[in-house]
Each structure stands twice: as C-alpha cells, then as structure tokens.
Amino acid sequence: MSVSVQPEVSGDVIVYRRRRNIELALLLFAQLFGYGGWILTHLNLYNAVPEIWPLVAAAWFGVGLAAHIAVRWKLPYADPVLLPSVFLINGLGLAMLARLDEIYRYSDAAMQFVWTALGVLLFVLVAFLLRDHRRLQRFPYLLFILSFVLLVLPLTPLGVTINNARIWIQVFGFSFQPAEIAKITLAIAFAAYFYEKRDVLTLAGRRVMGVLLPRGRDFIPIAIMWGMALMVMVFQRDLGMALLIFGLFTVMIYIATERPFWPVLATVMFLIAGVAAYFLTPHVSRRVGAWLDPFANADANLQIIQAQFGFAWGGLFGRGWGMGRPALTPLPHSDFIAGSIGEELGVLGLMAVIILYAVIFSRGLKAALLCPDGFGKLLAGGLSFVLALQVFAIIGGVTRLLPLTGLTTPFMSQGGSSMVSNWILIGILMVISHRARMPQTATATPTSRAEIEDNSTELIAR
Amino acid sequence: MTSVSELIVATIKVVFIALLWLFILFVAMVIRTDMFGKRVPAASLATVPADRGRPESHRLSSVPTRFAITNGSQQGIAVPVQPTINLGRSADSTLVLEDEFASARHAQLVQIDQDTWAVSDLQSTNGTFVNGRRVGDEAIAATVGDVVRIGRTLMRLEV
C-alpha cells in the first residue's frame, strides 16, 4: 500500500442537487423537436397541419411526462440531461419515420411509437424494480449462459434470414433481434465477473519482456468471447454485433484491470479474425469493397452511393422536413436513417444528433466516475461504451468512414428490439447515476419496512 | 409567390437547426453548473437512525440484529450479527471490506453480552475507530448506534 496517510472523515460531504425541474424544462424542449418535425413535414408537403395533431401531442408528451414522473418519484438524484437527450433523439427518429411513411404509405411511425411507449414503460419498470444496481451483481454465470442462448437463438429453427443476415427470431408473427438484449445481459455479466476477478487479472502472471502476461487460465474467458464473436460473424453474418460484443468485452476488461495489454491483444485478435473473414467469406469482402471503392460496382453498392448523394444534396442546412428525397436510398428508415437525417436536416442537424449521443455517453461515464462501488463503475462504463460504439459503427458506416455494419442507430432506426433494449440500458444508467449522486448518509439503510424484512439477513454483495 | 413560401420554408429550416443547437447549449450549461456538487456539513443531511425507524411497539429491545455498512463504497451491505464478527479485506472475513485503507485482518467484534460487542483492533495499519476514538490495546465496547470506522467505511450495529 503506497498510501500511508489515512483520510479524515470530515464533517463536510459533497451533495448533488436533484435538478428535476431543469430536467422537466429540458424534456419539454427536447420533445418539441420530434413533434415540430412531424408538423413541419405536413406543412411543407401539404401546406396543412394534420388533423390528429392534438392526439399525437397528448400521446407523445404524455409518454415523456410519465417517464419524468417515474424519475422524479424513484430516481430523484439521477442525471438531469440523460432523459431529455434520449427523448430528443427518439423524437427525431419518430418524426423521420413518419416523414418516410408519407412516401411509402406505410405506418411504420405508429408502430414505432408503440415500441417507444413500451420502451419507456420498461424504463419506468427498471426505475421501480431495480432500486439498487448492485442487485444485478449476484448472478454473472447465469447471465453469461442467458447471453449465449440469446446470441445462438437465431441459428435455431426459430431464426429467420432477412436481408442475408440471420439475426432475427420470429415468434407469433413478431420478429425480434435477441442480440440487442444480449448486449445488456453481457455487460452486466462482464461487470460482475471482472469486478470479482480484477485482482487476479491484474496481479497474477509472468513478466515477459516487460509485459505482464496473465496466467493461461485467465486467458480462457477472453478466448471464449473471441470464439463467440467469431461465431456471430461467420454464422449469422452480423459483422456489427461481433464488433459490439468484442468491443464491450475489451473495454470492460481494460477498465477493470487498467492494463493496456488487453486492448492491444484484443485489437490484434480482431484484426486477425477480420482479415480471415475478408478472404474466406463473401459478405465481408463485399462490405469492404463498398467502403473503399463503391463505384467499382455501382449497382451492388447503390445504397451507400445514394446515401452519399443524399448528404451532398442536404448540404449544411439540409433540404428541410419533407423536402428531400431520402427514399432514393434503400432502407432509409432502418440502417440508413442517419442518411435521411443528413439529407433533410443537413450536416448541422446530423452533427447535433451525434453530439447528443456524445452527451449521453459522457453522462454515462460521469455516473461511472461518481459511483462509489466498483461494480457500478464497470457497468456504467460498459453500458455507455457499448451505446457509443454502436453509434460510431453505424453512423461511421453510413458516412463511409468505416465499412458498413448492419447495426441499428439507437433510438432512431425502425425496429422494436433495439428501441426496447436501449431504453432498458438508459434505465440502468439512470439507476446507477441516481445511486452515485445521492447524498450518502441519507441512504444508510433501506427505507420501506418490507425491504427491511427482506434484507435483514442478506449479504447484498461480497 | 413561390419565392415567398420558399423563403418561409428556408427560414423555418434554419430556425429548427438553430434551436437544436440551442438545446445543446442549454445541456452544456446544465452540465457546467452540475460539475462539482455542493459542499454541505454532514450533520445537515437526514440520517436514518440505527433502529431504522421502526415503530416503538415493534421494537423488541435494543438487541442488535445486524452489522451494517452505513457509509463508503459498500454502503447498504449488512451481515446478521454473530458472536464473532471479523472485519478485513481477506475473503474469510465475516464482512469483507473493500476499502484501500483496511488491512487483510483488520478488526474483530466479540460479543460480551446480549447487546454489546467488544471492538478490538488486530494490529491494523491504519487503525480502527469507535465513535472517533482510536482502538488501542484495550477493546472498546460498542452497541446499537455506535459508529465503527475503518478507513473510509463507517459501520454500526443495527436493530
């Protein structure tokens, strides 16, 4: 122990204000953008406000208010900017889907709104049921198995192949992407596992040429994870999810051990797998070709080419709601929704969206820094990182910074599983943020009587 | 006429994006004012009493039922009381402390009578404190409500 001076427990403590009124003001402002985008689309296209405007306003602001009340009641100390930022992005996504409905004559937006409401409901449930994130620490191995099952599920007869990727399951007519849920369960499992093993991973092992090599048996989990990512990449042809899972694993082991060895090793392993996939599978080499030289095969790479033309046509300020031609790009409502935003709101609008994602990421990391317990730190860090990596991979793919991976744009892309799981993710982040920011002495013991009876003989964590 | 409506559309479009950035500015301001909490005296915060607010009629006596961490990174964790409670970082402790100022085998609580435990320090590096008094060679008796401190962790016996 290098520190020899013991800290005084001083009479002063740092407390954070609750700031729920500021959150409410920001939330109402944020929700105006989605609603305003929808109204503007109709004004620009038909020169008239849609007749159902009071109904939509009531439903949309009602959902926001419900989330706010749940936070005010159960998570009064949670971060004030997380929820408004998420609602702004979600609203823009809904408005863009409603705008695309005007071209396709679908009702994607209505369905997506139902999914949003369901996501917010699950967010509220997380706020009510998960009062302390340390409860999640108890069953890492069970969650590992659950995540594995979720990842493998699309390969069973339940799975269906859509757009050449086998990542969906179909139950009772609903298709669902189980890997989106696995993303969260894996983050919890990693956090619990690494929190337990961090000393072993940091201290045990042999030193070879100045690098501390972990013991062989500590290599086994990373090898298993590498195998799982590879399996997803090869059998489900889902490059994006493989990147996400492996990135999550790498970052969490790095946060837990603080050893640069792990990210270096993981990068090398991922490159090896990627290069092998490039030469051995057709879909990876096609993606890389579309990234580096799309015009070599303009017919096959139509989507990415059209997206770039869309960005160019949008320019700095965009064409305005309803004034662009986003439907010229295939899949403008799911994979390429960032392209649709770029065309109609311009580079300035897309940059604003990316900055809002960055705000969510940074507030997640702030919660990790403030959180007093190591498990919460790891979990908040991992969850915010996985969200950021997903945004980076898909928007990077759409803007041709990276090869395109078929990931969803969180809170924007059309699709229920992504919406629901990302709302759960935000719920867990808010719980951690609430526990991290609340004044400690006020929470010395559980408050309700039922809880006292439940927990009186229990060890919450070791 | 068309040029006027085009102008209106263009204005609304720019205003929409300007408002988006105004929102980001507001978020930045909120984050800035939120940067470093507020320093207040600990005494001003509401604390939960050691009997955990049970109504008088339900209170059996002053017999402790659990030994709980009330402040520090493991806040909220508790073990049921035992005749001997070992505290420290080593895994075989009754209550495993995750405090960088705690020793592997830091302190021990031994039951004297029904509601009193004697706190003794096991030659720890940074010492054990009962109600702010350092435990020396002699053990100090503690009962419900007395605060035991090891490093940054505060603990107490609770009803």
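In this text the structure is predicted, and so the values were computed from the model without any measurement.
Of the atoms belonging to L26(A), heavy atoms from both backbone and side chain fall under 4.5 Å from chain B. For chain B, the nearby part of N44(A) is the side chain; its heavy atoms alone come within less than 4.5 Å. Of the two parts of L32(A), neither the backbone nor the side chain holds a non-hydrogen atom closer than 4.5 Å to a non-hydrogen atom of chain B. For a residue to count as touching a neighbouring chain, one of its non-hydrogen atoms must lie under 4.5 Å from one of that chain's; by this rule L370(A) does not touch chain B. Heavy atoms closer than 4.5 Å to chain A are found nowhere in T125(B), neither backbone nor side chain. Only the side chain of I24(B) comes within less than 4.5 Å of a heavy atom in chain A; its backbone stays farther off. Looking at L348(A), the atoms closer than 4.5 Å to chain B (heavy atoms on both sides) sit in the backbone and in the side chain alike. Within the 4.5 angstrom heavy-atom criterion, only backbone atoms of R319(A) (N, CA, C, O) approach chain B. Using a 4.5 Å cut-off between heavy atoms, I355(A) touches chain B through its side chain atoms alone. Only the side chain of M323(A) comes within contact range of chain B, with heavy atoms under 4.5 Å apart. Neither the backbone nor the side chain of L97(B) has a heavy atom closer than 4.5 Å to any heavy atom of chain A.
For an aromatic pair to be called close, the ring centres must be under 6.0 Å apart, and F33(A) with F16(B) satisfies this.
Of the listed residues (A352(A), S362(A), G320(A)), the greatest number of heavy-atom pairs within a distance under 4.5 Å of chain B belongs to A352(A). Looking only at heavy-atom pairs under 4.5 Å with chain B, the residue among V359(A), L43(A), L88(A) that has the most is L88(A). When each of L19(B), I12(B), V14(B) is checked for heavy-atom pairs under 4.5 Å with chain A, L19(B) comes out on top. The greatest number of non-hydrogen atom pairs below 4.5 Å with chain B, out of A25(A), G36(A), A30(A), G349(A), is found for A30(A).
Applying the salt bridge (Lys or Arg N to Asp or Glu O under 4.0 Å) rule to R105(B) yields the partners D92(B); only residues at least two apart in sequence or on another chain are considered.
Nearest heavy-atom pair across A142(B) and L157(B) is O-CD1, 3.7 Å. Listed here is the closest heavy atom pair of L345(A) and L92(A): CD1-CD2, 4.3 Å. The heavy-atom pair separating D79(A) from E23(A) by the smallest distance is O-OE2, 3.9 Å.
Considering R18(A), R19(A), R17(A) in turn, R19(A) is the only one that fulfils the salt bridge (Lys or Arg N to Asp or Glu O under 4.0 Å) rule with D34(B).
Side chain of H133(A) to backbone of S433(A): no donor-acceptor contact under 3.5 angstrom is found.
In this structure, R437(A) fails the cation-pi test against Y77(A), since its NZ or CZ atom is not both closer than 6.0 Å to the six-membered ring centre and inside 45 degrees of the ring normal.
Within the 4.5 Å cutoff, no side-chain heavy atoms of V96(B) are placed close to those of R89(B).
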